[in-house]
Asks: 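Got a structure for you, questions after.
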Amino acid sequence: MTRNTTTGNRPLIGVLGASGAVGRAAVRELRALGHTGLRLGGRTASALCAVAEEDPAGHDETVWADATAPDGLRAFTEGCDIVLNCVGPTYRLRATVASAALAAGAHCVDVAGDDPAAEDLLQDGDPARDGRTVVLSAGALPGLSSLLPRWLAGQGLDNASALTAHCGGLESCSPTVARDLMLSLTSGGADGAAYGEALAAVRGGRRVPRALRTAEDTEHEAFPGRVALQPYLSGESERLATVLGLDRLDWYNVHPGPAVRALLNLLPGRLAAGDDPARLADRLILAADLDLAGRRPYYVMDFALSGTASGQPATAGLTLRAASSYRLTAAVGALAVDAVLRAEVAAGVHFACDVLDPDTVVRHLRSQGVADLRLTGAAAGAAPAEQVEEGVL
């Protein structure tokens with residue numbers, strides 16, 4: 001352990017998984033927000049030291065920590081004011097890191113966690129009793145996937161009635177993401193259910209099974225080349241429909257790579273047949289690398305919202321393009337940490353999309369060069385829906 005003795009009165013932020021794809025980017029985002037003297041936790045000392053060396057002031061400290069080792073987790077959280085958890089697998093760890101942070105008297109932000117972590121935390125007693133705050137799902141999806149439509153709803157529309165979303169990209173697959181995807185097929189949602197339901201959509205404000213169909217080989221204007229579109233309705237998306245008062249919501253996961261898509265089609269059957277999930281996760285990582293070979297990585301979130309403006313039918317569109325979903329996740333996680341430290345989030349257990357200010361998130365994405373955002377329709381200042389002009393945010 002390398003100790004930091006220069007934090008003074010600054011809050012001590014612990015970043016668990018600081019040398020991973022999300023964690024390393026989150027450290028940079030926290031520094032960009034003015035937070036220094038971080039505690040960097042992980043299982044590989046050399047990788048942590050490399051992250052610490054990126055701090056020109058040399059104020060960070062490194063601590064060996066393993067989320068599956070109670071003693072190591074206890075040593076890491078001790079003395080922290082807030083812990084940012086960037087490790088997984090999410091649906092196996094559930095509230096392990098958040099519970100350790102609370103036991104140490106610290107707040108916690110988890111870039112994932114989702115419903116299973118919230119259920120565990122509330123079962124053990126609301127952290128609000130002790131004035132502590134836990135923010136879950138502070139990532140790209142879930143997290144930003146609900147924040148951006150909420151922001152879009154306030155850009156030129158009087159009210160919203162229908163949303164169509166397309167989210168996906170071409171990038172490497174981390175071991176954590178691969179393992180979580182396996183687990184999400186049978187867990188990750190509320191009350192022990194799967195994270196979401198394929199082919200389902202919202203109709204009349206309610207979930208309707210098998211409302212949509214998969215398109216295995218098609219085009220979408222926000223994505224280069226041929227893609228596969230997989231309808232998928234998550235608990236977060238259902239909550240979004242309720243918050244915005246939507247009558248209809250169609251959500252599509254977009255898969256530009258044929259190797260990943262082919263494996264995803266096989267996964268339910270292979271898991272049901274008893275195949276080793278760890279080996280399937282390794283195959284998913286390899287498939288992502290095959291799809292990415294020789295191509296530039298990217299990630300896209302595209303939203304089309306319809307409703308009324310000045311009493312007339314209108315549409316508003318938002319397309320986000322980024323080099324990596326991992327950096328998007330890191331940015332949302334860092335912003336959640338910043339909001340908690342500024343006392344902008346009440347004590348208790350929350351999902352990031354419910355407590356972060358969408359305007360603040362969008363400004364950060366733009367000012368820090370995290371993503372490009374393009375507005376269309378009413379959101380870009382066009383009046384009649386048929387005279388849509390594009391505008392760059």
Side-chain angles (χ1 to χ4, degrees), residues 11 13 15 22-23 25-35 81-86 90 97-98 101 106-115 117-118 121 127-128 131-155 160 163 165 167 234-244 299 301 303 305 318 320 322 324-371 373 375 379 393:
I13 303 171
V15 182
V22 172
V27 169
R28 293 169 182 158
E29 295 291 334
L30 287 167
R31 289 172 182 154
L33 291 168
H35 298 291
D81 293 284
I82 188 168
V83 172
L84 174 59
N85 180 38
C86 300
T90 299
V97 176
H107 305 293
C108 185
V109 171
D110 197 320
V111 299
D114 310 335
D115 287 285
L121 290 167
R132 299 299 170 193
T133 301
V134 178
V135 180
L136 303 170
S137 301
L141 194 162
L144 191 60
S145 47
S146 186
L147 283 162
L148 289 179
R150 295 180 194 215
W151 181 83
L152 181 61
Q155 309 303 309
L163 173 68
C167 297
S234 68
E236 182 198 46
S237 299
E238 286 189 272
R239 290 191 290 267
L240 174 66
T242 299
V243 168
L244 295 182
Y299 191 79
M301 289 182 165
F303 303 99
L305 193 61
L318 170 63
L320 173 148
S324 166
S325 67
Y326 298 116
R327 188 177 177 192
L328 292 173
T329 291
V332 176
L335 287 168
V337 168
D338 191 66
V340 172
L341 292 177
R342 292 176 182 274
E344 296 172 356
V345 182
V349 178
H350 310 278
F351 294 116
C353 61
D354 295 326
V355 293
L356 294 188
D357 175 33
D359 287 329
T360 299
V361 174
V362 169
R363 282 197 302 270
H364 180 85
L365 295 179
R366 181 189 181 196
S367 65
Q368 297 301 313
V370 179
L373 296 97
L375 296 170
L393 179 66

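Throughout, numbering of the chain's residues begins at 1 and tracks the sequence. Predicted model only: the values in this text are computed from it and were never measured.
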Asks: Indicate the atoms forming the closest heavy-atom contact of Leu136 with Gly113, along with that distance.
Replies: CD2-CA, 4.4 Å
Asks: Only counting residues at least two apart or in another chain, list the ones meeting side-chain hydrogen bond (donor to acceptor under 3.5 Å, both in side chains) with Thr329.
Replies: none
Asks: Determine which pairs satisfy salt bridge (Lys or Arg N to Asp or Glu O under 4.0 Å) with at least one residue from residues 331-343, sequence neighbours left out, and list them in order.
Replies: Asp338-Arg342
Asks: For residues Val361 and Trp151, determine if any side-chain heavy atom of one lies less than 4.5 Å from a side-chain heavy atom of the other.
Replies: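 No - every pair of side-chain heavy atoms lies 4.5 Å or more apart.
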Asks: Between Leu318 and Gln155, does the side chain to side chain contact (heavy atoms under 4.5 Å, CB included) criterion hold? Intermediate values first, please.
Replies: CA-CA 10 Å; Leu318 170 63; Gln155 309 303 309; over 6 Å; no
Asks: Identify the heavy atoms of Met301 and Cys167 that sit nearest to each other, and give their distance.
Replies: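 That closest heavy-atom pairing would be CG-SG, 3.8 Å.
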Asks: Quick check: closest heavy atoms across Ala32 and Gln368, and the distance to 0.1 Å?
Replies: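 In this case the closest contact between Ala32 and Gln368 is CB-OE1, 3.6 Å.
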Asks: Name all residues meeting the side chain to side chain contact (heavy atoms under 4.5 Å, CB included) criterion together with Ala101; count only those two or more places apart in sequence or in a different chain, and write none if there are none.
Replies: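 Counting only residues at least two positions away or on another chain, Ala101 forms a side chain to side chain contact (heavy atoms under 4.5 Å, CB included) with Val83, Ala106, Cys108.
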Asks: Sequence neighbours excluded, which residues qualify as side chain to side chain contact (heavy atoms under 4.5 Å, CB included) partners of Asn85?
Replies: Leu16, Val87, Val97, Asp110
Asks: In Å, rounded to the nearest 0.5 Å, how long is the span from CD of Glu344 to CG of Leu335?
Replies: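 Those atoms lie 10.0 Å apart.
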Asks: Applying side chain to side chain contact (heavy atoms under 4.5 Å, CB included) to Leu320 and Phe303, what does each step give before you reach the verdict?
Replies: CA-CA 9 Å; Leu320 173 148; Phe303 303 99; 5.9 Å; no
Asks: What do the steps show when you test Arg327 against Arg28 for side chain to side chain contact (heavy atoms under 4.5 Å, CB included), and what is the final call?
Replies: CA-CA 10 Å; Arg327 188 177 177 192; Arg28 293 169 182 158; over 6 Å; no
Asks: What pairs with Ala352 under side chain to side chain contact (heavy atoms under 4.5 Å, CB included), at least two apart in sequence or on another chain?
Replies: Val135, Ala138, Leu356
Asks: Give the minimum heavy-atom separation between Leu84 and Ala26, together with the two atoms involved.
Replies: CD2-CB, 3.8 Å
Asks: Determine the minimum heavy-atom distance between Leu244 and Ala153, stating which atoms define it.
Replies: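 Smallest interatomic distance, heavy atoms only, reads CD2-CB, 3.9 Å.
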Asks: So among Leu163, Val243, Leu144, which one has a side chain to side chain contact (heavy atoms under 4.5 Å, CB included) with Pro149?
Replies: Leu163
Asks: Please evaluate residues Ser325 and Leu141 with respect to the criterion side chain to side chain contact (heavy atoms under 4.5 Å, CB included), reporting the C-alpha separation (whole Å), side-chain torsions for both, the decisive distance (0.1 Å), and the verdict.
Replies: CA-CA 9 Å; Ser325 67; Leu141 194 162; over 6 Å; no
Asks: Given the rule in the side chain to side chain donor-acceptor pair (under 3.5 Å) test, do Ser137 and Glu236 qualify, once you have shown the distances and angles that lead to the verdict?
Replies: CA-CA 9 Å; Ser137 301; Glu236 182 198 46; over 6 Å; no
Asks: Write out all pairs satisfying salt bridge (Lys or Arg N to Asp or Glu O under 4.0 Å) with one or both partners inside residues 345-362, taking only residues at least two apart or from two chains.
Replies: Arg150-Asp354
